[in-house]
Structure formats: structure tokens, C-alpha cells
Amino acid sequence: MSAPPERPAVRVTLGQLVVGADRRANRDVARDVLRRAARVHADLVVLPEYASAYDTHGVGAALAEPLDGPFVTMLREEAARSGAAVLAGTTLPADGDDPRAVNAVVAVDGTGALAGVYRKVHLYDAFGQRESDRLAPGPADADPLVLDVAGLRLGVMTCYDLRFPESARRLVDAGARALVVPAAWADGRLKAMHWRTLAVARAIECTSVVVAVGQAGRGVVGRSLVVGPDGVVGLELDDQPQVRTVDLDVVALDEVRAQNPSLANRRYAVVPRP
């Protein structure tokens with residue numbers, strides 16, 4: 001009796017990292033994750049928000065570097081070497097005379113090409129924080145960042161965006177079947193519960209896989225997780241730095257969407273606010 005055919009899967013490596021202000025050290029840590037992912041033949045590597053550099057007191061222009069700087073250049077070189085796509089948080093200089101920086105996620109495809117940049121729309125002006133004092137928001141009407149990896153279309157948002165279901169819906173409208181959320185989710189009362197609950201909610205309401213990768217370390221919760229389109233949590237880490245690899249079952253995703261056609265049954269669309 002012949003073995004059943006293998007189900008299509010997309011292999012994803014999650015790097016839950018401790019990130020500091022030493023950019024060279026951060027590059028070394030990120031490079032190690034990318035090379036570990038190459039050894040297990042990952043299709044995609046996801047690093048957290050602010051993977052290039054982080055300050056627990058707030059990230060601003062002092063930690064920014066351009067897209068042709070050392071961090072993104074390293075990502076592109078490693079992607080070209082391994083064939084794995086990369087999604088990673090970084091900080092870019094703002095445009096023009098704006099003294100602030102931009103919180104961004106860069107997408108690098110498996111050839112090493114820069115496939116896109118998402119500039120964070122929802123800044124973390126909440127829970128006593130004022131991210132907008134140091135960072136400029138991305139335009140709400142910018143095209144969504146979506147990336148095709150091994151036949152699966154991924155949509156990208158970051159951290160505080162997870163609290164806004166419209167962000168996820170807009171990515172789904174652009175064809176995303178999995179949502180990738182690099183984050184440095186601030187710790188505090190109920191915050192770890194919010195992180196988990198919101199990731200599960202976005203998965204269920206969008207019938208999409210959610211890959212939420214958080215920073216570990218002081219002041220952030222870690223607790224990266226992968227949620228199926230039915231809301232079942234398939235992987236959940238604790239608050240310590242870890243690197244884990246999972247296979248996303250593409251057939252299961254199709255089956256859930258066939259059984260629960262809530263996206264097709266919607267009566268409202270998402271319209272960006274000025």
C-alpha cells in the first residue's frame with residue numbers, strides 16, 4: 001500500500017530574540033537565526049519588531065538606519081544564500097526634515113531582493129506610552145504589504161496593529177491567507193493575555209493563520225505564537241529567547257475557509273481614515 005501524498009506546507013522559523021542597542025550584536029544574533037533556519041530548510045524567517053536595535057526607554061532616530069544599511073543588507077545576503085524569505089522589524093530614518101524615525105517591517109524574498117516595506121500605521125500612544133513623540137506613522141492608505149512565500153500569501157502588520165481588526169481585514173482583502181505580526185509587545189497588567197487573545201481573534205475572524213513573533217527580554221512579553229485559522233494555538237512560547245520552526249498546513253487552511261465562509265459573507269469593507 002502506497003504512502004499518502006504529503007500535504008502542502010510552508011516551513012516558518014520564528015526568532016524570539018532579546019534585542020538591545022548594540023546593532024552589531026543584534027545583527028550577529030539575527031544572522032545566527034537565519035543560518036539555523038537555513039539548516040532546516042525554512043521557507044520563511046520571522047524576526048520581531050525592532051530586531052535591528054531596541055531601547056526599553058523608547059526607540060527613535062538615534063537607532064535608525066537606512067534600507068541600504070548594515071541590518072537590511074545582512075538580511076538580504078543571508079536570504080540570497082539560503083533561499084528563505086525574511087520578515088523583520090527595523091527602524092528607518094523619517095522623510096524630509098522630520099526628526100523622528102519610522103517603525104518598519106522589511107520583507108526580503110528568497111532571492112535576497114527587498115520585496116517591500118511596511119511602515120507602522122498605528123503608533124503606540126497608549127498605556128502611558130507616546131510612540132508618536134519619537135516615530136512618524138506610515139500612511140494609512142499605503143498599499144498593504146503582502147508577500148507570496150512557497151505558494152502562501154502573507155500579510156504583514158506589526159505590534160499595536162494587532163489591536164485593530166481593520167488592519168487584518170485590509171490584508172485579507174489583498175489576498176493574505178496568513179498574517180505575520182512582528183512585535184515588541186510591552187509587558188504590564190493583562191498585557192500577555194491581550195496579546196494572546198487578540199492573535200486568536202484575528203485568526204478566527206479572518207480565517208487565517210497568525211504568526212505573531214514577539215521580542216523577549218526586559219519590558220516585553222515574548223510569548224510568540226502560531227494560531228490556526230480555526231483559532232487553535234499550535235505553538236506558544238514562554239518569555240525566554242527561543243528559535244522554533246513550524247510547518248503551516250496549507251490544506252487545513254483551505255478546509256477551514258471552505259467550512260466557515262465568513263469572509264465571503266461580509267457586508268462591510270475597510271476604508272482608511274485620513
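For clarity, every value in this text was computed on a predicted model and none was experimentally measured.
The structure places CG of Asp143 at 13.0 Å from OH of Tyr118, a figure rounded to the nearest 0.5 Å. In this structure, OG on Ser132 lies 13.0 Å from OH on Tyr124, to the nearest 0.5 angstrom. In this structure, Thr13 OG1 and Leu44 CG are separated by 8.0 Å, a value rounded to the nearest 0.5 Å. Separating the CG atom in Leu198 from the OH atom in Tyr160 is a distance of 10.5 Å, to the nearest 0.5 Å. Between Leu47 atom CG and Leu75 atom CG the span is 6.5 Å, to the nearest 0.5 Å. Expressed to the nearest 0.5 Å, how far CD of Glu236 lies from CG of Leu225 amounts to 5.5 Å.
Distance alone, capped at 3.5 Å, is enough to place a donor-acceptor pair between the Asp125 side chain and the Glu131 backbone. Between the Ser224 side chain and the Gly214 main chain, a donor and an acceptor come within less than 3.5 Å of each other. Of the possible polar contacts, one joining the Thr158 side chain to the Pro182 backbone as a donor-acceptor pair under 3.5 Å is found. Panel note: side chain Gln16, backbone Val243; no donor-acceptor pair is recorded below 3.5 Å. Arg119 places no side-chain N or O within donor-acceptor distance of the main-chain N or O of Ala104, the cut-off being under 3.5 Å. In terms of modelled atom types and a separation under 3.5 Å, the side chain of Asp148 and the main chain of Gly151 share no donor-acceptor contact. Within the 3.5 Å criterion, the main-chain N or O of Ala184 finds no donor-acceptor partner in the side chain of Gln215. With hydrogens and angles ignored, the 3.5 Å screen pairs no side-chain donor or acceptor of Trp185 with any backbone N or O of Ala192.
Taking the ring axis of Phe127 as reference, the NZ or CZ atom of Lys191 stays within 45° of it and closer than 6.0 Å to the ring centre.
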Stepwise salt bridge (Lys or Arg N to Asp or Glu O under 4.0 Å) check, Arg31 with Glu77: CA-CA 10 Å; Arg31 184 184 293 108; Glu77 290 172 350; 5.9 Å; no

Starting from the C-alpha separation in whole Å, work towards a yes-or-no answer on side chain to side chain contact (heavy atoms under 4.5 Å, CB included) for Val117 and Leu92. CA-CA 10 Å; Val117 180; Leu92 305 175; 4.0 Å; yes

In sequence, state the C-alpha distance, the side-chain angles, and the governing distance for Leu171 and Leu179, and then conclude on side chain to side chain contact (heavy atoms under 4.5 Å, CB included). CA-CA 8 Å; Leu171 292 168; Leu179 305 173; 3.9 Å; yes

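The shortest distance between side-chain heavy atoms of Val106 and Leu114 falls below 4.5 Å. Contact annotation: the side chain of Val10 approaches that of Val250 to within less than 4.5 Å [non-hydrogen atoms, C-beta and beyond]. Looking at Val45 and Leu87, their side chains never come closer than 4.5 Å, going by heavy atoms from C-beta outward. Taking 4.5 Å as the limit, some side-chain heavy atom of Val233 sits within range of a side-chain heavy atom of Val200. Looking at heavy atoms from C-beta onward, Tyr50 lies out of side-chain contact with Thr90 at the 4.5 angstrom threshold. Using a 4.5 Å heavy-atom cutoff, the side chains of Leu63 and Asp55 are in contact. Under the 4.5 Å side-chain criterion, counting only non-hydrogen atoms from C-beta, Leu14 is in contact with Val246. Using a 4.5 Å heavy-atom cutoff, the side chains of Thr207 and Ser262 are in contact.
Ring orientation note: the planes of His122 and Phe164 are close to parallel, at an angle under 30° on the 30°/60° scale.
Residue pairs meeting the salt bridge (Lys or Arg N to Asp or Glu O under 4.0 Å) criterion with at least one partner in residues 160-173, sequence neighbours excluded, are Asp173-Arg266.
Under the 4.0 Å criterion applied to side-chain N and carboxylate O atoms, Arg23 and Glu65 are assigned as salt-bridge partners. Looking at Arg100 and Asp98, a side-chain N of the basic residue comes within less than 4.0 Å of a carboxylate O on the acidic one, giving a salt bridge. Electrostatic pairing of Glu205 and Arg202 counts as a salt bridge here, judged by a charged N lying under 4.0 Å from a carboxylate O.
By the rule that hydrophobic residues join a cluster once side-chain heavy atoms approach within less than 4.5 Å of another member, Leu67 and Phe71 end up as members of one cluster. Hydrophobic clustering (ILVMFWY, side-chain heavy atoms < 4.5 Å, transitive): Leu162 and Val46 are in distinct clusters. By the rule that hydrophobic residues join a cluster once side-chain heavy atoms approach within less than 4.5 Å of another member, Val227 and Leu253 end up as members of separate clusters. Both Leu248 and Leu147 are members of a single hydrophobic cluster when ILVMFWY side chains are connected at heavy-atom separations under 4.5 Å.
When all heavy atoms are compared, the tightest approach of Val102 to Pro93 is CG2-O, 4.2 Å. Residues Ala203 and Gly228 approach most closely at CB-O, 3.4 Å, considering heavy atoms. Heavy-atom minimum distance, Leu235 versus Arg244: CD1-NH2, 3.4 Å. Gly15 approaches Val213 most closely through the heavy-atom pair O-CG1, 3.5 Å.
Defined by atom type and a distance below 3.5 Å, a donor-acceptor pair is missing between the side-chain atoms of Asn26 and Ser52. In this structure, a donor-acceptor pair under 3.5 Å is present between the side chains of Arg257 and Ser208.
Environment of CG in Asp95: sparse, with no more than 12 heavy atoms of neighbouring residues, nucleotides or ligands closer than 6.0 Å. Heavy-atom neighbours of Asp141 CG from other residues, nucleotides or ligands within 6.0 Å: above the threshold of 12. For Arg153, the CZ atom sits in a packed shell: over 12 heavy atoms of surrounding residues, nucleotides or ligands are nearer than 6.0 Å.
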Would you be so kind as to tabulate the donor-acceptor pairs closer than 3.5 Å made by side chains of residues 33-42, with sequence neighbours excluded?
| residue | atom | partner | partner atom | Å |
| --- | --- | --- | --- | --- |
| Arg35 | NE | Glu78 | OE1 | 3.1 |
| Arg35 | NE | Glu78 | OE2 | 3.3 |
| Arg35 | NH2 | Glu78 | OE2 | 2.8 |

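Every residue two or more places apart in sequence or in another chain that forms a salt bridge (charged side-chain N to carboxylate O under 4.0 Å, His left out) with Glu255 is listed here: Arg7.
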